[in-house]
Structure formats: C-alpha cells, structure tokens
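Taking it in order: structure first as structure tokens, then the write-up.
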Amino acid sequence: MRILSIDYGKRRTGLAVTDPLQIIAGGLATIDTRDVLKFITDYVKREPVETIVIGLPVQSNGQPSENQSRVRCFTGELRKALPEIPVVFYDERYTSVIAHQAIIASGVGRKRRQTDKGLVDEISATIILQNYLENLKMKH
C-alpha cells in the first residue's frame with residue numbers, strides 16, 4: 001500500500017505518493033485546492049493508500065503559520081471523507097525553501113520556474129513524504 005502526502009495551500013495543493021513498497025517518494029500532481037478532496041478520494045479508489053501525511057505549516061519559531069487553520073479544517077473534511085485511512089501531520093518547515101533550491105539545482109530555467117508555480121508544491125509534498133519515510137525508518 002502507498003503513503004500519500006499533501007502540501008496543502010490556499011490556491012494550489014501539491015501531492016506525492018510512495019511506491020507500493022513505501023521505499024521512494026515521488027511527485028503525483030499539483031491540484032487546484034478547491035478540487036483536491038475529490039482528487040484524493042478518486043485516487044484512493046484506484047490505488048490502496050495506507051496513510052495520508054499532511055504537512056503542518058509551522059513558523060520557524062514553532063508558532064502556527066497563517067495557513068495552519070486552513071490545513072486543520074481540510075484535515076477534518078478529509079477524515080470524514082476517508083475515515084478508514086489514518087491522517088497524520090508532519091512538520092513542513094522549510095520544505096518550500098528546499099523545493100525552490102532543488103528546482104534551481106536541477107537546472108529548471110527561470111522562465112519555467114515563474115510559470116510553473118505548481119512544481120514547488122509537488123516537490124514540497126515529495127520532500128514532506130521523504131522526510132516522513134526517513135523518520136519512520138529511524139523509529140524502527
């Protein structure tokens with residue numbers, strides 16, 4: 001079964017999933033936030049998902065970020081829609097910064113970075129998921 005991760009944003013939401021053996025995280029999509037609940041419920045009908053990991057936006061000082069209340073509200077909707085799948089929060093501090101650096105390091109041109117804003121969201125979701133997987137491995 002896969003693990004799905006969500007980088008929930010005000011306008012766009014990045015999604016990432018593991019392979020069925022939960023070894024590698026990979027980007028899935030960037031979805032308009034208004035459509036993300038339907039996208040996820042449709043996805044889990046096609047692919048077995050064991051856990052959903054949602055990036056919890058926290059400021060560098062540990063205080064909740066502006067987006068955290070939206071994330072918690074969405075999480076409530078998600079838990080109602082998919083009560084059989086556990087939903088866990090994972091600290092997403094600095095993932096957008098790391099995602100931007102990864103995109104630049106990979107050679108994506110400035111023009112594409114400016115037009116493809118969703119790329120950062122999808123990569124952020126992938127980083128959240130990869131960090132979550134590494135944290136799980138350390139616990140075992």
Side-chain angles (χ1 to χ4, degrees):
M1 293 179 78
R2 297 177 189 272
I3 298 173
L4 173 75
S5 106
I6 302 170
D7 180 33
Y8 188 85
K10 189 175 184 177
R11 292 188 191 97
R12 292 176 313 274
T13 297
L15 303 171
V17 292
T18 63
D19 61 292
L21 297 176
Q22 300 179 6
I23 297 170
I24 298 172
L28 177 62
T30 299
I31 305 296
D32 186 302
T33 294
R34 293 172 300 198
D35 303 324
V36 76
L37 187 59
K38 182 177 181 347
F39 183 93
I40 292 169
T41 55
D42 289 347
Y43 181 82
V44 301
K45 289 175 188 169
R46 296 187 314 271
E47 294 287 339
V49 172
E50 177 182 296
T51 305
I52 298 174
V53 178
I54 298 185
L56 188 64
V58 180
Q59 295 179 40
S60 57
N61 64 4
Q63 295 299 307
S65 79
E66 167 209 338
N67 196 38
Q68 194 176 107
S69 62
R70 284 190 287 270
V71 169
R72 289 188 183 279
C73 181
F74 171 74
T75 301
E77 294 173 20
L78 186 62
R79 285 180 170 143
K80 283 180 196 163
L82 300 168
E84 69 283 1
I85 301 175
V87 178
V88 298
F89 290 115
Y90 195 81
D91 187 339
E92 69 169 33
R93 262 181 276 197
Y94 310 115
T95 55
S96 292
V97 173
I98 296 167
H100 277 288
Q101 291 170 343
I103 291 167
I104 291 167
S106 71
V108 172
R110 185 177 192 179
K111 200 165 222 147
R112 178 161 179 226
R113 289 195 313 264
Q114 290 173 338
T115 58
D116 191 358
K117 302 282 187 197
L119 189 59
V120 171
D121 302 312
E122 189 175 321
I123 291 174
S124 292
T126 306
I127 292 167
I128 291 165
L129 186 51
Q130 193 64 48
N131 290 345
Y132 176 81
L133 290 172
E134 289 169 11
N135 196 19
L136 278 181
K137 287 177 189 167
M138 289 191 311
K139 290 180 179 178
H140 290 110

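Being a predicted model, the structure only gives us computed values, none of them experimental.
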To the nearest 0.5 Å, what is the distance between OG1 (Thr75) and CD1 (Ile54)?
-> 3.5 Å
Is there a side-chain contact between Arg2 and Pro20, using heavy atoms and a 4.5 Å cut-off?
-> yes
Are any non-hydrogen side-chain atoms of Gln68 and Leu56 less than 4.5 angstrom apart?
-> yes
Is it true that Leu136 and Val53 fall in one hydrophobic cluster, defined by side-chain heavy atoms closer than 4.5 Å?
-> yes
First locate atom CG of Leu133, then atom CG of Leu129, and finally report the distance between them rounded to the nearest 0.5 Å.
-> 4.5 Å
Note: Asp19 and Ile23 closest approach over all heavy atoms is OD1-N, 2.8 Å
Any salt bridge between Asp42 and Arg46, counting N to O under 4.0 Å?
-> no
What heavy-atom pair brings Leu37 and Ala81 nearest, and what distance separates the two atoms?
-> CD1-CB, 4.2 Å
Which value, rounded to the nearest 0.5 Å, describes the distance between Ile40 atom CD1 and Thr13 atom OG1?
-> 7.5 Å
Taking all non-hydrogen atoms of both residues into account, name the closest pair between Thr126 and Gly26 and its distance.
-> OG1-C, 3.8 Å
Decide yes or no for Asn131 and Asn135: does some side-chain heavy atom of the first lie under 4.5 Å from some side-chain heavy atom of the second?
-> no
Describe, in one word, how the ring planes of Phe74 and Tyr8 are oriented to each other, choosing from parallel (under 30°), tilted (30 to 60°) and perpendicular (over 60°).
-> parallel
Are the side chain of Thr33 and the backbone of Gly9 linked by a donor-acceptor contact shorter than 3.5 Å?
-> yes
State whether the side chain of Arg79 and the backbone N or O of Val87 hold a donor-acceptor pair below 3.5 Å, judged by distance alone.
-> yes
Below 4.5 Å, heavy atoms only, C-beta onward: do Leu15 and Val36 meet side chain to side chain?
-> yes
Calculate, to the nearest 0.5 Å, the distance between atoms CZ and CD1 belonging to Phe89 and Ile6 respectively.
-> 10.0 Å
How many angstroms lie between atom CD of Gln22 and atom NZ of Lys137, to the nearest 0.5 angstrom?
-> 10.0 Å
Work out which heavy atom in Ser124 is nearest to a heavy atom in Asp7; give both atom names and the distance.
-> CB-OD2, 3.2 Å
To the nearest 0.5 Å, what is the distance between CD1 (Ile3) and OG1 (Thr18)?
-> 5.0 Å
For Val88 and Tyr132, run side chain to side chain contact (heavy atoms under 4.5 Å, CB included): C-alpha distance rounded to whole Å, both residues' side-chain angles, the deciding distance at 0.1 Å, then the answer.
-> CA-CA 10 Å; Val88 298; Tyr132 176 81; 3.9 Å; yes
